[in-house]
Amino acid sequence: MKRTIQVKEVPNLKEAAKRELNVKPEFIYQSVEIDDTMKSIGKNKKFFVRTYGCQGNLRDGEVIEGILARMQFEKTEDMNEADVIILNTCAVRENAEKKVFGEIGLLKKLKLANPDLIFGVCGCMVQQEHIVKRILETCEHVDLVFGTHNIHHLPTLLKEAYFSKERVVEVLSNQGNIAEDLPSIRASKTKAWVNIMYGCNKFCTYCIVPYTRGKERSRKSIDILNEVQELKDAGYKEITVLGQNVNAYGKDLNDISFAKLLEKIALIGIDRIRFTTSHPWDFSDELIDVIAKYDNIMPHIHLPVQSGDDDILRRMGRRYNSKTYLELVDKIRSKIKDVAITTDIIVGFPNESEENFENTMKLAEKVRYDGAFTFIYSPRVGTPAAKLKDNVDMKTKKERFNRLTDLISKIQLEIYKKYQDKIVYVLVDGYSKTNDTILSGYTEDMKLVNFKGNAKFIGQIVPVMITNCKTFTLEGEMVETRCLNNQ
Ligand code: 5AD
Ligand code: SF4
């Protein structure tokens, strides 16, 4: 029998595309309200949250877990024993969406075995009306659908799903507010993500993010700095400052610039500070100077180029060309010692010619990236690029993709080989994913290092002598028995 659906709000991509200057975000403090019926609803119950996609989404996953823990649910890694399952989804490419629908299908048997299970789907994917429609029509076992703007409503939404036995949908397409005082269960005790802003106003023509994440809006610097101070006091060694485009920080608030914010964060004194992502268009000289000045701002810049061809860049709406991008790279390299630069590249944008593609190859050869995430273009419903008729077949796109990744890997190996017999400083994350006698962690310039070492150094920054260089990893041995910052 079909259950009734309590539709509080469904998404609307046209609404989500609005950017009204006079609409200011609301700052909601103490944003998570839990009423008496929900305060201990999770006692003796467990939750399982699976997150797909970017670091922003991973951070949302931590917040979802924190909210569930406040209602006394306990975290489990085994979805078979969970009383609440939440899939926190990504919409950036079709592949991510396919995986989620695959997983939703597999979870049907858990719901059949345990009708009291609450199964929720949230995140970027359900900010799209066609996806919500498909879930409501074909995935009867999904109880709860909520979006990226209203995670702090989870206690109320969960209450309705528990007690009404209806399916509950609340996906807002407003331009977004700022919820503060969010609880969270952080994934690591040494490395933390800190959101400094939400949303994106760039509207690159291929990208769904501005529609799923709303308007660019910055957190107040005081709230960010307080969070960073708390992390430092709790012993965190590294923070990564997050935003779709951190360079736009503060522009909506008339607060300080991103460069000033980063400087204030550096002065708090956490050992390692990273940031992502930076749009090349508004990467300021002031920012380069701040990164160069502070030793605890790591010398790694992720600078998505997307294409090396000026015609494609224009059609992508990227606001820079290959010349201005290369000038920025030169400026960064001339001012920041030993800086690593990585990027994102999309292959097969609609009607990309062989010549357009060759220009991307040439740019990659000129920049010599320390690493790159490469993607085949994936049309996203509602974006301008998705309306373009494409004359390039998938076989050609795949063949270009392979040529590009071969080139990037070749250059990356050449760069990694320069680390042979050098000492690097590694923040030890834990055991390597594939071998539990080997420790692993990242260098200051974001190279993954696997090395033999003692587990007592997990969470510390240690010197490692590099003995072998591979394309994506370095291998080595710890050079001192005592840890540098724990002497
Ligand atoms: N198709 C392929 N890749 C995409 N990205 C964003 N939108 C698309 C799309 N429609 C890539 C961009 C971006 C990264 C996060 O994902 O390279 O920088
Ligand atoms: Fe998407 Fe462009 Fe915004 Fe990045 S800057 S999130 S690619 S629209």
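Just so you know, ligand 1 is whichever comes first in the structure, and atom 1 is the first atom listed for that ligand. Computed from a predicted model, the values in this text were never measured in an experiment.
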* From CA spacing to verdict: side-chain contact (heavy atoms from CB on, under 4.5 Å), E216, K251 -> CA-CA 9 Å; E216 263 172 16; K251 289 182 184 171; 5.8 Å; no
* To do: Applying ring-ring contact (aromatic ring centres under 6.0 Å, His included), run through Y320 and H279 and close with a yes or a no.
  => CA-CA 10 Å; Y320 54 82; H279 192 296; 5.8 Å; yes
* Inter- and intrachain pairs under side chain to side chain donor-acceptor pair (under 3.5 Å), touching residues 253-262, at least two apart -> S221-D255, S257-E286, K260-E286
* Asked: Quick one: which ligand 2 atoms are inside 4.0 Å of a heavy atom on Y206?
  -> 7 (S)
* To do: Answer yes or no: is there a donor N or O on one side and an acceptor on the other, between the side chain of D311 and the main chain of N356, under 3.5 Å?
  => no
* Asked: What pairs meet the salt bridge (charged side-chain N to carboxylate O under 4.0 Å, His left out) rule with one or both residues in residues 298-309, with sequence neighbours excluded?
  -> none
* F203 to A17 - nearest heavy-atom pair and separation -> CZ-O, 3.6 Å
* Asked: ring-ring contact (aromatic ring centres under 6.0 Å, His included) between H141 and F119: does it pass, once the steps are laid out?
  -> CA-CA 7 Å; H141 57 299; F119 178 24; 5.6 Å; yes
* Which protein atoms of type N, O or S are found under 2.8 Å from atom 2 (Fe) of ligand 2? -> C204 SG
* May I ask you to check whether F258 and F275 place their ring centers less than 6.0 Å from one another? => yes
* **Neighbour list for ligand 1 [protein residues, heavy atom under 4.0 Å]** => V92, R93, Y206, Q306, D344, I346, F375, I376, Y377, S378, R380
* Side chains of I332 and I291 in contact at under 4.5 Å (non-hydrogen atoms) -> no
* **Main-chain N/O of K215 paired with R217 side-chain donor or acceptor, under 3.5 Å** => yes
